[in-house]
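Before any comments, here is the structure.
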Amino acid sequence: MLEILFILVIALIAVGVFSMMRNRTATAQSGRVSLDDAKADARQAIERLGGQVYSLDPGDDPAAKQALADAGERFTAAGSQIEQASSPAQAGLAKQTAVEGLYYIRAARTALKLDPGPPIPELEGQRAAGSVTEERSVEFDGRTVEASPQPSSQTPNYYPGGRVAGRPVPAGWYSEPWWRPALIGGAWGVGSALLFSSLFSGMAGVPHGVADADMAGGDYSDGGGDSGDSGGDGGGDYGDGGGDLGDGGGFDGGFGGFDGGDFGDFGGGDFF
């Protein structure tokens, strides 16, 4: 009787160990499938971006050239990110970087008066930031900063809208990438609140609160731009791609530079 009981106990233990190992294997396989799916989804967006980066000719248009160079930076960053991705979240970050690049492609096509193509998925924080709906020109820190809803030789720098260092920056065309120091340093400098107030105060299309001087560094909801807990939420800027922006708009994060004038031998492709 004791021998039979002992055999039953051993059998139950063996069954338990087998079930545990099988569940662990199934969980690992499920995670792998999820990562593979996320990578495939990201690569689809990256390939779409690459096709346009290498096939779109900006001509002599300064706004289109700058937008295409920015798209190329996102393409380089997204490619590096997807190669290093070891989780679905990291693969998702690579996709968002590529999606931001597609916004720059859309901007370049708009500057060239081409069909901008189909809608692009919304970026995090983009809705809360709003968009430039009128031309503004302000004096800031000894220079003139301009904003416009349309590209021009005076406003060749595009931003698709989103959070930079915890604060929403509206989508639009600007005379310079004045948000870049905050993107590099992770914080806005002294006087930035005045720039926001001067550029965006009372502008239709920019949610209430974006231009408020006392809301710098705050966290903004997608609904209306009210500030939340102090400290901000800087997760919405995917274009950083894990690297810092260097002088002249290039990434310096281990991804390599992008030569806006020599696109290499990529096979091209249709936009979406």
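Between L56 and L114 there is a side-chain heavy-atom pair separated by less than 4.5 Å. Using a 4.5 Å heavy-atom threshold, the side chains of K95 and V99 count as touching. K65 places none of its side-chain heavy atoms less than 4.5 Å from the side chain of L68. Taking the side chain as every heavy atom from C-beta outward, I105 and L49 approach each other to under 4.5 Å. Contact of the P149 side chain with the E134 side chain is not registered, since no non-hydrogen atoms from C-beta on lie closer than 4.5 Å. V145 places a side-chain heavy atom less than 4.5 Å from the side chain of L199.
Within the 3.5 Å criterion, the main-chain N or O of G72 finds a donor-acceptor partner in the side chain of T76. Side chain of R127 to backbone of E122: no donor-acceptor contact under 3.5 angstrom is found. S192 places no side-chain N or O within 3.5 Å of a backbone atom of W188 that could act as its donor or acceptor partner. R167 places a side-chain N or O within 3.5 Å of a backbone atom of V210 that can act as its donor or acceptor partner. Under a 3.5 Å cut-off, the side chain of S198 and the backbone N or O of L194 do form a donor-acceptor pair. A donor-acceptor pair under 3.5 Å links the side-chain atoms of Q90 to the main chain of S86, judged by distance alone.
Shortest non-hydrogen contact noted between A111 and A64 is CB-N, 3.9 Å. Residues T144 and S175 come closest through the heavy atom pair O-OG, 3.8 Å. The minimum heavy-atom distance between A91 and K39, with the atom names listed, is CB-N, 3.9 Å. Summarising the geometry of G161 relative to L123, their closest heavy-atom pair is O-CD1, 4.3 Å, with the distance given to 0.1 Å. The minimum heavy-atom distance linking G162 with A129 is given by the pair N-CB, 3.7 Å. What you find for T155 and Q150 is that their closest heavy atoms are OG1-O, 3.3 Å.
Under the side-chain hydrogen bond (donor to acceptor under 3.5 Å, both in side chains) criterion, E176 pairs with R143, sequence neighbours left out. Residues satisfying the ring-ring contact (aromatic ring centres under 6.0 Å, His included) criterion with F200, sequence neighbours excluded, are F196.
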Chi angles and distances behind the side-chain contact (heavy atoms from CB on, under 4.5 Å) call for Q96, E124: CA-CA 9 Å; Q96 287 297 310; E124 184 179 346; 5.6 Å; no

side-chain contact (heavy atoms from CB on, under 4.5 Å) between F75 and T97, worked out: CA-CA 8 Å; F75 175 62; T97 301; over 6 Å; no

L112 and D61: CA distance, side-chain angles, deciding distance, side-chain contact (heavy atoms from CB on, under 4.5 Å) verdict: CA-CA 7 Å; L112 294 171; D61 189 287; 4.0 Å; yes

Worked check of side-chain contact (heavy atoms from CB on, under 4.5 Å) between V169 and W178: CA-CA 10 Å; V169 175; W178 49 268; 3.9 Å; yes

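One distance of note links CZ of R74 with CG of D70; it measures 5.5 Å at 0.5 Å rounding. Rounding to the nearest 0.5 Å gives a distance of 13.0 Å between CG of D60 and OG of S153. The CD atom of Q52 lies 13.5 Å from the CD atom of E47; values are rounded to the nearest 0.5 Å. A distance of 9.5 Å separates CG in D141 from CG in L195, rounded to the nearest 0.5 Å.
A donor atom on one side chain and an acceptor atom on the other are not found under 3.5 Å apart for Q66 and Y104.
Checked against the 6.0 Å centroid criterion, the rings of Y158 and Y103 do not qualify as a close aromatic pair.
Looking at R109 and D115, no side-chain N of the basic residue comes within less than 4.0 Å of a carboxylate O on the acidic one, giving no salt bridge. A salt bridge does not link R136 to E146: none of the charged nitrogens lies less than 4.0 Å from a carboxylate oxygen.
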